[in-house]
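The structure appears right after this line, and notes come after that.
First listed ligand is number 1; within each ligand, the first listed atom is number 1.
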Amino acid sequence: MTKEYSSGPSRVLALRGIEVEIQPGELTLLVGPSGCGKTTLISIMAGTLNPTAGQVSVFGTELTQLSKKEVTDFRAKNIGFVFQQFNLLPSLTAAENVSVPLVINGWSKAAAIEKSAAVLKAVGLGDRLHSLPSQMSGGQQQRVAIARGLVHEPRLLVCDEPTSAVDAASGHAIMQLIRSVAMQPNRVALVVTHDPRVFDFADRIITLEDGRVQGEKRQSVDPQLLQTKHEVVHA
Ligand SMILES: Nc1ncnc2c1ncn2[C@@H]1O[C@H](COP(=O)(O)OP(=O)(O)OP(=O)(O)O)[C@@H](O)[C@H]1O
Ligand SMILES: [Mg+2]
């Protein structure tokens with residue numbers, strides 16, 4: 001797969017022939033220096049960006065063959081995306097932001113808010129349901145973004161730097177949450193990170209460099225890491 005960004009005369013070849021396959025039941029990390037193409041790659045895998053050439057198959061559905069509307073519908077049902085810049089809607093409360101994927105999938109507002117409150121509780125924000133993004137710290141906003149990515153129980157969860165704004169204990173709790181999704185046999189999680197604290201949670205680490213896969217390694221995860229309970233505290 002390749003991706004070229006062009007604006008006017010300038011062109012950037014962000015992905016230079018990448019082939020990756022992500023396995024269900026495991027947590028895959030995507031690492032590499034700034035600008036190497038991580039966000040570009042996961043945006044294509046999540047259907048928010050089209051490749052310039054190549055194919056993207058998600059659970060057997062070929063995204064590049066779908067119409068815009070079909071991609072939107074497919075994403076709403078199957079994909080959760082936690083953005084590097086959070087992308088929360090500024091005029092909605094935490095609970096309303098988290099409820100968006102459910103409302104899009106036809107849930108009633110009341111049921112969506114109730115489920116959203118439960119997921120916000122799981123990320124340590126049970127007491128901030130009615131706060132606006134502007135009234136929360138960066139780490140709290142990040143946890144709202146994570147809750148929104150998880151709330152509709154997507155089969156593919158994609159997180160771009162999900163621990164960049166939180167402290168160690170919250171980062172640990174967030175990774176346990178993401179990993180519990182990844183360990184289900186019919187679900188997949190893909191996490192972009194610069195954060196070495198996250199590496200131990202991964203079954204597989206793929207390194208990108210300059211738009212190409214530079215290497216990959218598999219490792220086993222210490223079961224104790226998944227058991228140690230950390231409360232999501234402050235961030
Ligand atoms: N919309 C865009 N228009 C033009 N060039 C872009 C655009 N988005 C990204 N790029 C370029 O594509 C390359 C890959 O960018 P990308 O955002 O995928 O990197 P990244 O690995 O996620 O970096 P970081 O770790 O800093 O988030 C970079 O050279 C970047 O400048
Ligand atoms: Mg990025």
Side-chain angles (χ1 to χ4, degrees), residues 1-22 27-58 63-64 68 71-72 75 79-89 97 133 137-150 154 156-168 170-171 174-175 177-179 181-182 188-202 204-217 235:
M1 181 211 303
T2 60
K3 176 66 184 178
E4 183 179 74
Y5 291 105
S6 54
S7 50
S10 68
R11 294 182 187 287
V12 176
L13 197 50
L15 299 181
R16 303 164 184 258
I18 282 196
E19 263 186 61
V20 282
E21 193 175 336
I22 311 300
L27 178 58
T28 303
L29 295 189
L30 210 52
V31 303
S34 181
C36 70
K38 303 180 298 294
T39 297
T40 302
L41 179 60
I42 60 167
S43 302
I44 290 173
M45 291 172 107
T48 59
L49 191 68
N50 285 320
T52 306
Q55 282 154 7
V56 190
S57 173
V58 180
L63 296 189
T64 53
K68 252 194 161 142
V71 172
T72 307
R75 275 181 36 216
I79 300 177
F81 201 110
V82 179
F83 294 90
Q84 193 166 12
Q85 316 294 345
F86 315 153
N87 293 12
L88 300 177
L89 297 165
N97 262 292
S137 71
Q140 289 168 338
Q141 292 178 48
Q142 183 159 46
R143 286 184 276 143
V144 175
I146 289 163
R148 183 181 56 186
L150 291 168
L156 169 61
L157 174 66
V158 182
C159 304
D160 202 348
E161 302 278 3
T163 58
S164 61
V166 299
D167 62 28
S170 297
I174 284 167
M175 288 314 297
L177 206 58
I178 293 174
R179 211 190 139 78
V181 170
V188 176
L190 177 61
V191 173
V192 167
T193 191
H194 278 111
D195 182 353
R197 298 174 304 179
V198 164
F199 294 174
D200 290 344
F201 288 88
R204 183 179 176 209
I205 302 181
I206 299 175
T207 307
L208 295 192
E209 203 170 294
D210 199 18
R212 291 192 181 89
V213 174
Q214 191 247 333
E216 92 163 69
K217 75 166 188 179

Can you name the nearest heavy-atom pair linking [X] to [Y], along with the distance?
X	Y	value
A46	R75	O-CD, 2.9 Å
G149	L157	O-CD1, 3.5 Å
M45	V20	CE-CG2, 3.7 Å
A182	A189	CB-CB, 3.6 Å

Among all the protein's non-hydrogen atoms, which is closest to [atom], and how far away is it?
atom	answer
atom 26 (O) of ligand 1	S34 OG, 2.5 Å
atom 15 (O) of ligand 1	T40 OG1, 3.8 Å
atom 17 (O) of ligand 1	T39 CB, 3.7 Å
atom 9 (C) of ligand 1	Y5 CE1, 3.4 Å
atom 13 (C) of ligand 1	G35 O, 3.6 Å

### Message
Against ligand 1, does H194 come closer than 4.0 Å with any heavy atom?
### Response
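Yes, that is the case, since the closest heavy atom of the residue is under 4.0 Å from the ligand.
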### Task
Look at ligand 1 and say whether C36 reaches it with a heavy atom at a distance under 4.0 Å.
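Per 4.0 Å heavy-atom rule, C36 contacts ligand 1.
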Are side-chain heavy atoms of [X] and [Y] found at a separation under 4.5 Å?
X	Y	value
P133	V144	no
R148	N87	yes
I146	C159	no
I42	F81	yes
F199	V31	yes

### Test item: N97 side-chain N/O and L89 main-chain N/O as donor-acceptor pair under 3.5 Å
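Flag set: sc N97 to bb L89 pair under 3.5 Å.
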### Query
If you count the atoms of ligand 1 from 1 in the order shown, which ones are under 4.0 Å from a heavy atom of Q84?
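Matching atoms, with element in brackets: 27 (O).
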### Message
At less than 4.0 angstrom from any non-hydrogen atom of V12, what atoms of ligand 1 do you find?
### Response
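Those qualifying, in numeric order: 11 (C), 12 (O), 29 (O).
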### Query
Has ligand 1 got any nitrogen or oxygen that is less than 3.5 angstrom from a nitrogen or oxygen of A14?
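There is no such contact.
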### Task
Pick out which of I18, V56, T39 makes a side-chain contact (heavy atoms from CB on, under 4.5 Å) with I44.
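Among the candidates, only V56 passes.
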#### Entry: For atom 25 (O) of ligand 1, the option (of K38, K3, Q85) bearing the nearest heavy atom
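Nearest heavy atom to atom 25 (O) of ligand 1 lies in K38.
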### Task
Everything protein-side that's N, O or S and under 2.8 Å from the Mg ion (ligand 2): list it, residue and atom.
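Per the 2.8 Å query on the Mg ion (ligand 2), atoms found are T39 OG1, Q84 OE1.
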